[in-house]
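Heads up, the thing below is written out as structure tokens.
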Amino acid sequence: MPKVIEITDFHAPELDPYARLTQAQLRNRLEPEKGIFIAESPKVIARALDAGYQPLSLLMERKQITGPAAEILTRCGDVPVYTADREMLAALTGFELTRGVLCAFHRPVPRTVEELCRNARRVAVLEGIVDSTNVGAIFRSAAALNMDAVLITPSCCDPLCRRAVRVSMGTVFQVPWAQIGDTPADWPEKGIARLHELGFKTAAMALSDRSVSIDDEQLAAEQKLAIIMGTEGDGLAHETIASCDYTVKIPMSHGVDSLNVAAASAVAFWQLGKQ
């Protein structure tokens, strides 16, 4: 049975993951085994539990204990459950809990690019995408539209930050992912060479004079394809585009020059992820 604890002291250290630790501190790059991430809402927490992630504690409104969160509480053993009313929780966390429940989990052991790509046919590569909402939406599209894995460059937003997890609706726990390279200097030259060594052709999603249409038959015929999406605003780096086997465009109409990266990812994954 979970241990329900009424919050009486905002400064209690056990509340730090919800109230005071920055995203970088939660991630704990220097000691990965101590890393934490926060999942929000009963549905997302349930997906994390389904994927085998280990909960550390929960924070929730009182009414959730016997309401929408009751089922996940039965799955969390005796982990502590910190509770208060909605207003106090908002004061503690600095934001409104849209679904009334947060759960702190142990971060998983990082996976390797080679492990993820060994049997993969289609992988998405996110270059420097820093908006957590876009990252979460891309993961949701990757899960729905036949991507076998997602790779992120070192300058990309952490897929396990709270907002990315929430926007992904927990699909970040379903699509395997890894970071390609340890520092920004490892991308693009070393990273793309690594993908080529693993048997992938690389497709840069970008507009240029040599772009081929996304429905090009040769693209569809590639046995292993890495679909590389660029950062908001500037898109992919010139060095990335020059290093890729293909430059791929989504044909536009009505004078629109491009789509938001999350929308573009859905189109790209649907077309290029077909079996």
Side-chain angles (χ1 to χ4, degrees), residues 1-28 33-109 131-144 157-175 177 262:
M1 289 290 293
K3 182 169 64 174
V4 178
I5 302 169
E6 188 77 21
I7 295 171
T8 57
D9 179 8
F10 271 22
H11 301 289
E14 56 268 24
L15 298 176
D16 284 352
Y18 305 105
R20 284 171 288 278
L21 297 186
T22 66
Q23 184 59 38
Q25 289 170 325
L26 286 171
R27 192 169 185 178
N28 212 332
E33 68 280 1
K34 295 182 180 179
I36 295 170
F37 71 88
I38 304 295
E40 182 177 359
S41 88
K43 179 179 286 188
V44 172
I45 293 166
R47 284 185 171 166
L49 294 170
D50 291 343
Y53 292 87
Q54 296 300 308
L56 291 166
S57 66
L58 294 108
L59 181 77
M60 66 179 64
E61 293 180 62
R62 294 187 190 93
K63 66 181 183 181
Q64 293 284 339
I65 294 172
T66 55
E71 184 176 347
I72 62 170
L73 287 178
T74 65
R75 303 177 60 188
C76 290
D78 59 355
V79 302
V81 178
Y82 302 104
T83 187
D85 59 32
R86 188 179 185 85
E87 291 72 23
M88 182 177 287
L89 293 181
L92 174 69
T93 61
F95 59 90
E96 292 285 339
L97 275 64
T98 55
R99 294 292 183 269
V101 186
L102 299 177
C103 184
F105 283 92
H106 288 288
R107 286 185 71 95
V109 175
D131 186 284
S132 55
T133 299
N134 283 334
V135 169
I138 292 169
F139 265 87
R140 192 170 182 181
S141 293
C157 167
D158 176 18
L160 291 182
C161 78
R162 180 183 61 84
R163 185 180 293 273
V165 170
R166 179 169 63 81
V167 173
S168 82
M169 290 300 294
T171 54
V172 69
F173 309 130
Q174 298 172 315
V175 182
W177 65 274

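All residue numbers in this chain count up from 1 along the given sequence. What you see is a predicted model, and the numbers here were worked out from it, not measured in a lab.
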**Item:** side chain to side chain contact (heavy atoms under 4.5 Å, CB included) assessment of Arg163 paired with Thr133
**Value:** CA-CA 6 Å; Arg163 185 180 293 273; Thr133 299; 3.3 Å; yes

Point-to-point distance, once rounded to the nearest 0.5 Å, from [atom1] of [X] to [atom2] of [Y]:
| X | Y | atom1 | atom2 | answer |
| --- | --- | --- | --- | --- |
| Glu40 | Leu59 | CD | CG | 10.5 Å |
| Tyr82 | Thr8 | OH | OG1 | 11.0 Å |
| Ile7 | Asp85 | CD1 | CG | 9.5 Å |
| Ile36 | Leu56 | CD1 | CG | 5.5 Å |
| Glu61 | Leu102 | CD | CG | 10.0 Å |
| Asp16 | His11 | CG | NE2 | 10.5 Å |

If you take all heavy atoms of [X] and [Y], which pair is closest and at what distance?
| X | Y | value |
| --- | --- | --- |
| Pro159 | Val165 | O-CG2, 3.6 Å |
| Gln64 | Pro42 | OE1-CG, 4.4 Å |
| Cys76 | Pro55 | SG-CG, 4.1 Å |
| Asp9 | Leu15 | O-CD1, 3.5 Å |
| Ala262 | Ser141 | O-OG, 4.5 Å |
| Pro80 | Ile5 | CB-CD1, 3.9 Å |

**Item:** Close side-chain approach of Arg107 and Asp158, heavy atoms under 4.5 Å
**Value:**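 Contact flag for Arg107/Asp158 side chains = yes.
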
**Within-4.5 Å side-chain heavy-atom neighbours: Met60 and Ile65** =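 Side chain of Met60 against side chain of Ile65, heavy atoms only: contact under 4.5 Å found.
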
**Sidechain N-carboxylate O distance under 4.0 Å for Arg75, Asp50** =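 Yes, this pair counts.
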
**Item:** Lys/Arg N to Asp/Glu carboxylate O, Glu6 vs Arg62, below 4.0 Å
**Value:**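 Counted as a salt bridge, because a side-chain N and a carboxylate O are separated by less than 4.0 Å.
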
**Message:** For Trp177 and Phe139, take the angle between the two ring planes, folded into 0 to 90°, and tell me which bin it lands in: parallel under 30, tilted 30 to 60, perpendicular over 60.
**Reply:**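 Perpendicular, since the angle between the ring planes exceeds 60°.
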
[X] side chain to [Y] backbone, donor-acceptor under 3.5 Å:
| X | Y | value |
| --- | --- | --- |
| Arg47 | Met169 | yes |
| Glu71 | Ala69 | no |
| Tyr18 | Ala104 | yes |

**Request:** For Phe105, check ring pair (Phe, Tyr, Trp, His ring centres under 6.0 Å) against everything at least two apart and list the hits.
**Result:**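 Once residues adjacent in sequence are excluded, the partners of Phe105 under the ring pair (Phe, Tyr, Trp, His ring centres under 6.0 Å) criterion are Phe37.
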
